[in-house]
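Here the structure is laid out as structure tokens; the discussion comes afterwards.
Counting begins at 1 with the first residue of the sequence. This is a predicted model, so every value here is computed, not measured. Note: hydrogens, waters and symmetry copies are ignored here, and every other heavy atom, side chains too, is used.
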Amino acid sequence: MQIYFSPEVITPEFQVLNIVDSSNKAVGNIALLFDEKKLYVYGILEEEGVSLDFKDLVKPYLKGLAKAREGIDIFSCLYVGCKKIELKDEEEE
């Protein structure tokens, strides 16, 4: 299943993005809260079978946001179904 971001609310302090499938059905959401040197990320996706797609969607987005605010620390809590997923791959640690 292909999934995409669909912006709901975007301000300088926070973003709320719906995650939709190819038929524009909402299958989850992600919220991002910006502090001066921190970025808090909370996201949940309903479909368990697309955890890799979810990571592939979120990781480059967060990397782009990190480039916009140099030295920012990212704190994330992401779930697919009822399972927590980690953005860091073993080789990145």
Side-chain angles (χ1 to χ4, degrees):
M1 172 190 340
Q2 292 290 322
I3 55 175
Y4 310 92
F5 286 137
S6 175
E8 185 71 23
V9 179
I10 296 179
T11 73
E13 295 82 26
F14 69 91
Q15 296 181 7
V16 177
L17 307 172
N18 288 323
I19 300 169
V20 298
D21 63 13
S22 56
S23 64
N24 210 30
K25 176 186 170 215
V27 294
N29 59 55
I30 191 164
L32 304 108
L33 177 63
F34 300 95
D35 194 9
E36 286 191 31
K37 289 290 182 180
K38 296 177 184 168
L39 170 59
Y40 299 95
V41 182
Y42 177 78
I44 189 161
L45 189 67
E46 296 170 3
E47 299 289 331
E48 289 187 31
V50 291
S51 61
L52 290 177
D53 294 331
F54 189 43
K55 285 173 72 170
D56 290 344
L57 183 66
V58 172
K59 282 177 77 170
Y61 192 78
L62 294 181
K63 283 183 182 181
L65 290 176
K67 287 179 185 176
R69 296 185 182 213
E70 191 173 318
I72 196 166
D73 292 322
I74 299 174
F75 301 93
S76 65
C77 184
L78 300 172
Y79 289 89
V80 175
C82 294
K83 297 177 184 171
K84 187 174 181 177
I85 62 169
E86 297 294 330
L87 288 178
K88 290 184 179 179
D89 296 327
E90 289 180 17
E91 63 269 6
E92 290 181 30
E93 294 178 3

Under the rule for ring-ring contact (aromatic ring centres under 6.0 Å, His included), what residues qualify as partners of Tyr61, not counting sequence neighbours?
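Per chain and number, Tyr61 pairs via ring-ring contact (aromatic ring centres under 6.0 Å, His included) with Phe5.
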Under 3.5 Å, sequence neighbours excluded: what are the donor-acceptor pairs made by side chains of residues 16-34?
unit_1, atom_1, unit_2, atom_2, d
Asn18, ND2, Glu8, OE1, 2.7
Asp21, OD1, Ser23, N, 3.0
Asp21, OD1, Ser23, OG, 2.9
Asp21, OD1, Asn24, N, 3.3
Asp21, OD1, Lys25, N, 2.9

Item checked: For Ile74 against Ala66, the heavy-atom pair lying closest together ->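 The answer is CD1-CB, 4.1 Å.
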- Item | Nearest non-hydrogen partners of Lys55 and Ile85, listed with the distance |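 For Lys55 and Ile85, the tightest heavy-atom pair comes out as CG-CD1, 3.7 Å.
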Residues that, via side-chain heavy atoms closer than 4.5 angstrom, fall in one hydrophobic cluster with Ile44 =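 So far as hydrophobic clustering goes, Ile44 is joined with Tyr42, Tyr79.
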- Asp53 and Glu47, any side-chain heavy atoms less than 4.5 Å apart: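 No, their side chains stay 4.5 Å or more apart.
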Separation between OG (Ser51) and CG (Leu78), nearest 0.5 Å, reads 11.0 Å
Check: What's the spacing between Leu57 CG and Leu62 CG if we round to 0.5 Å?
Finding: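 With rounding to 0.5 Å, CG (Leu57) is 9.5 Å from CG (Leu62).
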Residues 65-83 vs salt bridge (charged side-chain N to carboxylate O under 4.0 Å, His left out), sequence neighbours excluded, gives Glu48-Lys83
- Task: Apply side-chain hydrogen bond (donor to acceptor under 3.5 Å, both in side chains) to Tyr4 and list each qualifying residue two or more places apart in sequence or on a separate chain.
- Result: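 With neighbours one apart ignored, the set is empty.
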- Message: Test of understanding: clusters of I, L, V, M, F, W, Y form through side-chain heavy atoms closer than 4.5 Å, transitively. Do Leu65 and Phe14 belong to the same one?
- Response: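 No; tracing contacts between hydrophobic side chains, which count when under 4.5 Å, never links both residues.
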Check: Gly71 main-chain N/O paired with Lys37 side-chain donor or acceptor under 3.5 Å: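 Checked: no pair found.
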